[in-house]
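Here the structure is a predicted model, which is why all the values come from computation and not from measurement. Residues take their numbers from the sequence shown, with the count starting at 1.
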Amino acid sequence: MTQQAILQEAALIRSDAEALDVARQLAAEFAVEAGVRDRERRLPWAELARYSASGLGGITVPREFGGAGVSLLTLSRVFRILCAADPSLGQIPQNHFAVLELFPLLATPAQLRFIYSEVLSGRRLGNAGPEKGKQPMQQLSTRLSREADGLYLSGQRFYSTGALFADWIPTRARDESGLTVQVLVPRHAPGVEVVDDWSSFGQRTTASGTVRFDKVKVEEAQLLPVWQLADRPNLTGPISQLIQASIDAGIAEAALRDAILFVREHARPWLDSGVSRASDDPYVIQAVARLQIDLHAAQEVLDDAARTLDRLRTGEVTDAISAEASIAVAEAKVLTTEIALQASEKLFELAGSAATRARHQLDRHWRNARVHTLHDPVRWKYHAIGNYSLNGVFPARHQWN
């Protein structure tokens with residue numbers, strides 16, 4: 001399917017319920033060859049075309065601009081559904097939705113009309129993420145320079161989930177005054193090079209590699225002054241983190257689902273158990289119960305965090321409100337990280353050595369969980385929650401909080 005065909009066929013989703021129904025339909029399709037795509041590192045071009053045509057990319061566009069304006073609870077559940085089917089594919093839109101949260105805060109009316117029209121037409125936003133190296137993640141060597149005929153962007157970025165598949169690549173850069181701006185760059189503009197050099201052992205088909213900008217000409221209308229958010233309380237960080245936690249929850253759901261299925265259909269009981277089926281082993285039963293409880297707890301705390309953000313975003317966002325949002329999502333992030341890792345690791349203990357055979361492809365759950373949960377260290381979530389609860393200290397405001 002061509003990009004033009006996507007734009008002509010992109011459906012318009014009109015409600016939260018419809019968004020969830022569409023996500024479930026796509027997830028059923030995407031799950032069929034998820035393991036094959038992972039094993040062969042087959043990039044999901046066709047699947048993303050289906051995703052774009054479905055209209056899911058436009059579900060957070062406000063109703064006054066023609067979208068469904070779904071709740072953050074629905075957005076979180078959409079990510080859970082997609083990532084339980086294929087977390088690499090499900091992760092690709094994360095920055096699309098995270099970047100869209102910046103526009104109501106910083107964009108002009110004309111910029112809002114433009115970007116909402118683009119995403120409702122089926123266009124995808126990618127990402128050109130943090131730079132490589134030991135420097136702090138917010139350090140920027142990517143620069144905007146002004147010449148006689150306009151503005152030019154130069155620099156190199158990495159961790160660019162979705163950029164390879166995108167129509168627009170948002171990235172951050174320093175302008176001529178040293179202020180941080182968000183630049184919306186056309187994917188195929190002269191001077192843009194997206195390198196498919198993502199070589200991680202997990203989340204293998206996200207194509208989260210290098211983006212180079214070599215004197216890419218950009219328009220003033222493609223800039224957002226994100227420096228203005230430095231001293232302005234907002235919920236962009238918590239919303240971004242909510243999406244990350246939802247991806248981990250989806251990975252955990254898939255791991256536990258496949259563990260239960262394998263134990264039922266393939267595993268044999270241990271000889272000391274005295275039972276004829278592995279699913280009757282009392283230790284296996286207890287372990288599955290523990291995982292199910294922990295998964296349910298993570299899901300409920302994640303839903304509660306999404307509801308909290310939905311409630312908080314309806315009023316004025318103060319420093320205290322921003323902190324409350326960050327802590328709510330941090331609690332969910334701790335639980336979704338831990339259950340994703342536990343379920344994907346425990347899977348093999350419960351299912352036995354047969355589960356390690358390559359043809360079953362069950363190792364992808366642990367690889368995906370281990371890689372994705374490294375996006376931000378959960379130890380600092382504990383610190384933020386404890387310092388807030390014990391000392392009343394608000395967490396720092398940035399996209400990882």
### Message
Tell me every residue that passes side-chain contact (heavy atoms from CB on, under 4.5 Å) with Val32, counting only those two or more places apart in sequence or in another chain.
### Response
none

### Message
Check this for me: does any side-chain nitrogen of one of Lys346 and Glu349 sit under 4.0 Å from a carboxylate oxygen of the other?
### Response
yes

### Message
Can a donor-acceptor pair be found, under 3.5 Å and without considering hydrogens, that links the side chain of Asn387 to the backbone of Ile385?
### Response
no

### Message
Checking Val181 against Leu224 for the side chain to side chain contact (heavy atoms under 4.5 Å, CB included) test, could you report, in this order, the C-alpha distance in whole Å, the side-chain angles of both residues, the deciding distance, and whether it holds?
### Response
CA-CA 6 Å; Val181 294; Leu224 292 179; over 6 Å; no

### Message
A side-chain contact here means heavy atoms from C-beta on lying under 4.5 Å apart; do Gln94 and His375 qualify?
### Response
yes

### Message
For Asp231, is there an ion pair with Arg397 - N to carboxylate O distance below 4.0 angstrom?
### Response
no

### Summary
The residue among Thr308, Thr60, Leu242, Leu235 that forms side chain to side chain contact (heavy atoms under 4.5 Å, CB included) with Leu72 is Leu242

#### Entry: Under-4.0 Å salt bridge between Lys215 and Glu147
yes

### Query
Do you know the tightest heavy-atom contact between Ala325 and Leu309?
CB-CD2, 3.3 Å

### Task
Mind listing the closest non-hydrogen atom pair of Leu100 and Ile115 along with its distance?
CD2-CG1, 4.0 Å

### Message
What I want to find out is whether Asp16 reaches Arg77 closely enough, with some N-O distance under 4.0 Å, to be called a salt bridge.
### Response
no

### Query
Does Leu302 reach the side chain of Ser76, with side-chain heavy atoms less than 4.5 Å apart?
yes

#### Entry: Ionic contact status for Arg42 with Glu33, cut-off 4.0 Å
yes

### Task
Quick one: do Glu253 and Gln299 satisfy side-chain hydrogen bond (donor to acceptor under 3.5 Å, both in side chains)? Show the steps, please.
CA-CA 9 Å; Glu253 290 167 18; Gln299 291 168 333; 3.0 Å; yes

### Check against salt bridge (Lys or Arg N to Asp or Glu O under 4.0 Å), Arg370 and Asp363
CA-CA 11 Å; Arg370 183 63 282 175; Asp363 60 302; over 6 Å; no

### Task
Start with the C-alpha distance between Thr314 and Arg311, add both sets of side-chain angles, then the distance that settles side-chain hydrogen bond (donor to acceptor under 3.5 Å, both in side chains), and finish with yes or no.
CA-CA 6 Å; Thr314 60; Arg311 171 176 57 83; over 6 Å; no

### Message
Any carboxylate oxygen within less than 4.0 angstrom of a Lys/Arg side-chain nitrogen, looking at Glu101 and Arg313?
### Response
yes

### Query
Ignoring hydrogens and geometry, is there a side-chain-to-backbone donor-acceptor pair from Gln241 to Lys333 under 3.5 Å?
no

### Query
Taking atom CZ of Arg14 as the centre, does the number of heavy atoms from other residues, nucleotides or ligands within less than 6.0 Å exceed 12?
no

### Heavy-atom donor-acceptor pair, His372 side chain to Ala369 backbone, under 3.5 Å
no

### Message
Does any part of the side chain of Leu256, heavy atoms only, come nearer than 4.5 Å to the side chain of Ile260, both counted from C-beta?
### Response
yes

### Query
Between Arg307 and Asp304, is there a salt bridge with N-O shorter than 4.0 Å?
no

### Query
Can you name the closest pair of heavy atoms from Ser52 and Ala10 and give their distance?
O-CB, 3.9 Å

### Query
Has the side chain of Thr171 got a donor or acceptor atom that lies under 3.5 Å from a matching backbone atom of Ala128?
yes

### Query
Taking Gln342 as the fixed residue, which of Leu347, Thr337, Asp294 is the one that meets the side chain to side chain contact (heavy atoms under 4.5 Å, CB included) rule?
Asp294

### Query
If every non-hydrogen atom of Leu184 is compared with every non-hydrogen atom of Pro186, which pair is closest and at what distance?
O-CD, 3.9 Å

### Query
For Arg174 and Thr180, what are the C-alpha separation, side-chain angles and deciding distance, and is it a side-chain hydrogen bond (donor to acceptor under 3.5 Å, both in side chains)?
CA-CA 5 Å; Arg174 301 283 187 202; Thr180 303; 2.4 Å; yes

### Query
Are the side chain of Asp197 and the backbone of Thr210 linked by a donor-acceptor contact shorter than 3.5 Å?
yes

### Message
Taking Phe30's backbone N and O only, do any of them form a donor-acceptor pair with Glu47's side chain (distance below 3.5 Å, no angle check)?
### Response
no

### Task
Answer with yes or no whether the side chains of Ser71 and Thr74 bring together a donor and an acceptor at under 3.5 Å.
yes

### Query
Any donor-acceptor pair under 3.5 Å linking the side chain of Asp167 with the backbone of Arg124?
yes

### Query
Which atoms form the tightest heavy-atom contact between Asn127 and Ile169, and what is the distance?
C-CG2, 3.9 Å

### Message
Measuring from atom CD1 of Ile13 to atom CG of Leu20, what distance do you get when rounded to the nearest 0.5 angstrom?
### Response
9.5 Å

### Task
Determine whether Leu43 and Phe165 make a side-chain contact, defined as any pair of heavy atoms from C-beta on separated by less than 4.5 Å.
yes

#### Entry: Any donor-acceptor N/O pair, Asp310 side chain to Leu73 backbone, under 3.5 Å
yes

### Query
Is the count of non-hydrogen atoms from other residues, nucleotides or ligands lying under 6.0 Å from Phe97 atom CZ greater than 12?
yes

### Summary
d(Ile251 CD1, Arg367 CZ) to nearest 0.5 Å is 11.0 Å

### Query
Above 12 or not: heavy atoms from other molecules or residues under 6.0 Å from OH of Tyr283?
no

### Query
How about Arg172 and Val183: do any of their side-chain heavy atoms sit closer than 4.5 Å?
no

### Task
Before accepting this row, confirm whether a basic side-chain N of the pair Arg364/Asp86 lies closer than 4.0 Å to the acidic partner's carboxylate O.
no

### Query
Minimum heavy-atom separation for Gly126 to Pro170, with atom names?
O-CD, 3.2 Å

### Query
Between Ser54 (side chain) and Tyr51 (backbone), is there a donor-acceptor pair under 3.5 Å?
yes

### Query
Can you check whether Ile92 reaches Pro44 side chain to side chain, under 4.5 Å on heavy atoms?
yes

### Pair Asp376 + Lys381: basic N to acidic O under 4.0 Å
yes

### Task
Report yes or no: does Gln203 contribute a side-chain atom to a donor-acceptor pair with the main-chain N or O of Pro87 at less than 3.5 Å?
yes

### Message
Tell me whether the count of non-hydrogen atoms from other residues, nucleotides or ligands lying under 6.0 Å of CZ in Arg41 goes above 12.
### Response
yes

### Task
Go through the structure and list residues passing side-chain contact (heavy atoms from CB on, under 4.5 Å) with Glu220, not counting sequence neighbours.
Arg146, Leu151, Leu223

### Query
Above 12 or not: heavy atoms from other molecules or residues under 6.0 Å from NE2 of His383?
no

### Task
May I ask you to decide if the ring planes of Tyr388 and Phe394 are parallel, tilted or perpendicular, using 30° and 60° as cut-offs?
tilted

